[in-house]
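Just so you know, residue 1 is the first one in the sequence shown, and it goes up from there. Because the structure is a prediction, the values reported are computed rather than measured.
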Amino acid sequence: MTDASADELSLAAEFPPAAREQWRKLVEDVLKGAPFDSRLVAKTYDAVAIEPLYERKAQAQPIAGRPPAAAWSLMQRVDHPDPAAANAEALHDLENGANGLFLAFAGAVGAYGYGLPASERALARVLEGIHLDAGIALDLDLGPHAQDAGRLLAAIIKQRGGAPAATNLRFGFDPIGAAAVSGASPLPRGDWVARFNAVISDLAAQGFRGPFAPADGRVIDNAAGSEAQELAYVLAVAVEYLRALEAGGIALDVARGMIYFRLAADVDEFLTIAKFRALRTLWARIEQTCGLAPAPPWVAAETAWRMMTRRDPHVNMLRTTIAVVAAGLGGADAITVLPFTMALGLPDRFARRIARNTQLVLLEESHLAKVTDPAAGAGGLENLTEQLCRAAWGRFQEIEQVGGAWAALEQGVIQNKVAAVRVERQAAVARRKDAITGTSDFPNLAETPASVLDVAQVALPPPSASEFEALPSIRLAEPFEQLRDASDGILARSGSRPKVFIANLGTPADFTARATFAKNFFAAGGIEATDNERFASREEMVEAFRAAGAYLACLCSSDEAYAREAVAAAQALRRAGASVWLAGRPALESELRHAGVSGFIFAGCDVLAALRAAYSLIA
């Protein structure tokens with residue numbers, strides 16, 4: 001070691017060690033009496049506290065998952081309703097970097113309006129030219145209308161003379177998940193356990209290695225449930241499947257290898273990492289309770305549907321990249337990326353390429369899979385993992401107390417708890433507390449439309465009789481997108497979008513911040529803001545309003561300028577025929593309302609309610 005390098009290494013030693021108490025004292029000085037917890041401690045939808053600072057967790061052990069330095073399987077969706085087109089896409093993906101195919105059948109949890117037909121002829125065409133004994137992974141997403149697809153796939157392999165043991169197939173037989181998304185069992189009430197055992201036992205007897213049955217957390221994530229609710233649900237489903245297999249005479253040690261997990265990977269990177277880590281910890285506890293030595297389960301990931309947007313869809317590339325990073329670092333064994341145009345329609349080859357290459361870059365250039373459990377020892381992530389484990393275990397016990405996953409769905413226990421979180425999420429989105437970039441925040445009214453394939457969505461018959469409330473599949477951006485659709489309709493009919501006149505008061509130093517806020521605020525609903533500068537007089541402002549062709553007007557300035565000019569300006573604009581709004585919450589709110597101000601927009605207000613009120617005035 002050279003003297004120079006020794007000096008460099010000793011630099012940190014010249015500073016006194018910093019204690020947490022010192023940092024806390026500095027923070028409290030800045031807060032000036034404001035409560036520390038309310039200002040700096042965030043809470044998840046499971047009431048898990050997220051502190052601003054964590055210390056490294058000493059002697060942390062990595063959570064067992066993928067083998068060391070092993071890459072996750074790069075799965076590519078196959079969901080075109082035309083089997084020939086689906087086959088062409090599958091072959092193209094396999095030739096360009098994918099090593100697995102995620103077969104989404106119509107009506108499945110992850111079909112999102114499209115999906116493969118569930119017939120032997122169609123499935124054989126989809127898999128034409130694909131050598132299933134060459135290490136290519138297949139994962140089936142079945143749903144209530146495709147419960148026989150696994151049996152059909154086995155028959156196709158037998159017809160081709162393939163060796164079942166040489167295939168890498170996950171059969172996706174999930175009767176509880178199918179019932180959860182349809183509100184009805186795909187099998188008669190008393191028959192699903194017997195059928196479940198018969199199908200899996202038959203496939204195993206043919207020599208297929210499985211796993212066969214997923215506990216699919218996307219059911220909860222798509223319905224906007226919380227991370228702990230998703231974990232509790234998959235644990236409950238997996239335990240119910242374990243019991244069913246054991247009741248069919250399969251030893252628990254063998255049965256657990258027949259079950260695998262699917263989780264959604266969200267844009268919240270740290271929570272997603274913690275969720276995947278927590279699942280393995282929780283499953284190990286269940287294995288120990290069953291008297292088994294823990295063995296890492298197979299855990300697949302799909303980027304979350306609920307975070308996808310139709311507006312400014314290219315931002316979805318960023319969201320899915322974050323989700324892949326989180327799932328990969330969290331230890332997922334296989335990852336499927338939703339193409340960035342998925343919410344617009346069936347993705348074209350470019351969108352599929354981006355989905356595929358997102359993973360290739362992260363695997364081959366960023367080497368994200370080279371380190372086993374990189375979150376081990378990181379104080380924040382370890383703490384999140386532990387708290388999620390506690391929260392999820394409590395919710396799992398609640399499901400068990402009512403008789404397990406199936407009984408909890410029949411009694412509405414799962415649906416009611418998920419619905420409560422969904423309401424919270426939607427309220428946070430409406431207030432932009434949970435910002436959706438490109439939709440609720442920083443919208444682009446001049447965005448270039450993205451292309452998708454001209455393929456109609458698949459129409460399927462509803463279940464013959466609903467037995468309980470189905471869990472919905474939503475995207476959180478939908479309410480804002482509906483307003484943008486209304487704006488597009490007005491543009492198509494009249495040649496221009498609805499407008500808001502930005503009525504600046506005072507100097508640029510007074511109005512710039514709130515004028516920028518107001519433009520972004522109204523644009524989130526498709527209402528275009530006029531681009532105004534400073535007005536020399538109130539008369540000039542009123543004339544500019546009349547020339548703008550707008551009905552809405554929004555006063556923008558500082559509280560000091562509002563105190564001097566806002567009441568008179570509001571009255572003048574009202575006389576000119578404007579519906580007057582104001583950016584901010586000045587102390588003279590009652591006077592302004594008396595002067596004719598219709599509404600106030602500010603950080604934390606209900607943006608959706610304000611925009612809907614604006615549209616009611618425009619109409």
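Remark: F36 CZ is packed, more than 12 non-hydrogen atoms of other residues, nucleotides or ligands lying under 6.0 Å away. Atom NZ of K417 sits in a sparse spot, with 12 or fewer heavy atoms from other residues, nucleotides or ligands closer than 6.0 Å. With a 6.0 Å radius and a threshold of 12 heavy atoms from other residues, nucleotides or ligands, R546 has its CZ atom above the threshold.
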Intermediate values then yes/no, salt bridge (charged side-chain N to carboxylate O under 4.0 Å, His left out), K25 and D29: CA-CA 6 Å; K25 177 64 169 60; D29 289 344; 3.1 Å; yes
Salt bridge (charged side-chain N to carboxylate O under 4.0 Å, His left out) between R56 and E382, worked out: CA-CA 9 Å; R56 178 174 178 81; E382 291 282 12; over 6 Å; no
Residues M541, F501; criterion side-chain contact (heavy atoms from CB on, under 4.5 Å); working and verdict: CA-CA 10 Å; M541 180 183 68; F501 177 77; 3.9 Å; yes
Verdict with reasoning, R425 to D268, per salt bridge (charged side-chain N to carboxylate O under 4.0 Å, His left out): CA-CA 13 Å; R425 281 195 195 276; D268 191 320; over 6 Å; no
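Salt-bridge annotation for K519 and E528: absent, with no side-chain N of the basic residue lying under 4.0 Å from a carboxylate O of the acidic one. Taking 4.0 Å as the cut-off between side-chain N and carboxylate O, K57 and E386 count as a salt-bridged pair. Ionic pairing of E227 and K275 is not present here: no N-O contact between side-chain nitrogen and carboxylate oxygen is shorter than 4.0 angstrom. Between R262 and E302, none of the side-chain N atoms (NZ, or NE/NH1/NH2) sits under 4.0 Å from a carboxylate O, so this pair counts as no salt bridge. Between E560 and R564 there is no salt bridge, since no side-chain N of the basic residue sits under 4.0 Å from a carboxylate O of the acidic one. Using a cutoff of 4.0 Å between basic side-chain nitrogens and carboxylate oxygens, R514 and D559 are scored as salt-bridged. Electrostatic pairing of R538 and E543 does not count as a salt bridge here, judged by no charged N lying under 4.0 Å from a carboxylate O.
Residues E589 and V597 form no side-chain contact, since every pair of their non-hydrogen atoms from C-beta on lies 4.5 Å or further apart. Under the 4.5 Å side-chain criterion, counting only non-hydrogen atoms from C-beta, V337 is in contact with V324. Proximity of L592 to V567: side-chain heavy atoms (C-beta onward) are separated by under 4.5 Å at one or more points. The shortest distance between side-chain heavy atoms of L552 and I618 falls below 4.5 Å. In this structure the side chain of F602 never reaches within 4.5 angstrom of the side chain of L582, judged on heavy atoms. For the pair L409/Q415, a side-chain contact is recorded, criterion being any heavy-atom separation below 4.5 Å from C-beta on. By the 4.5 Å heavy-atom criterion applied to side chains, P296 and R66 are not counted as neighbours. Within the 4.5 Å cutoff, side-chain heavy atoms of R319 are placed close to those of I436.
When all heavy atoms of F521 and C605 are compared, the closest pair comes out as CE1-SG, 3.6 Å. Taking all atoms of both residues into account, the shortest heavy-atom contact from F511 to E533 is CZ-C, 4.1 Å. Across all their heavy atoms, P52 and L40 have their closest contact at CD-O, 3.5 Å.
The backbone N or O of N222 lies less than 3.5 Å from no partner atom in the side chain of R475, so there is not a single donor-acceptor pair. At least one donor-acceptor pair closer than 3.5 Å links the side chain of N444 to the backbone N or O of A446. Between the side chain of T303 and the backbone N or O of T320 there is no donor-acceptor pair closer than 3.5 Å. Counting only distance, with no hydrogens or angles, the side chain of S558 and the backbone of D510 share no donor-acceptor pair below 3.5 Å. Of the possible donor and acceptor atoms, none in the side chain of Y54 sits under 3.5 Å from a partner among the backbone N and O of L381.
Between F261 and W283, the ring planes lie perpendicular to each other; the angle is over 60°, past the 30° to 60° tilted range.
Cation-pi geometry between R311 and F480 is not met: the NZ or CZ atom fails to fall both under 6.0 Å from the ring centre and inside 45° of the normal. Cation-pi geometry between R585 and F600 is not met: the NZ or CZ atom fails to fall both under 6.0 Å from the ring centre and inside 45° of the normal. Note that R285 lies in the cation-pi zone of W393, set by a 6.0 Å cut-off to the ring centre and a 45° limit from the axis.
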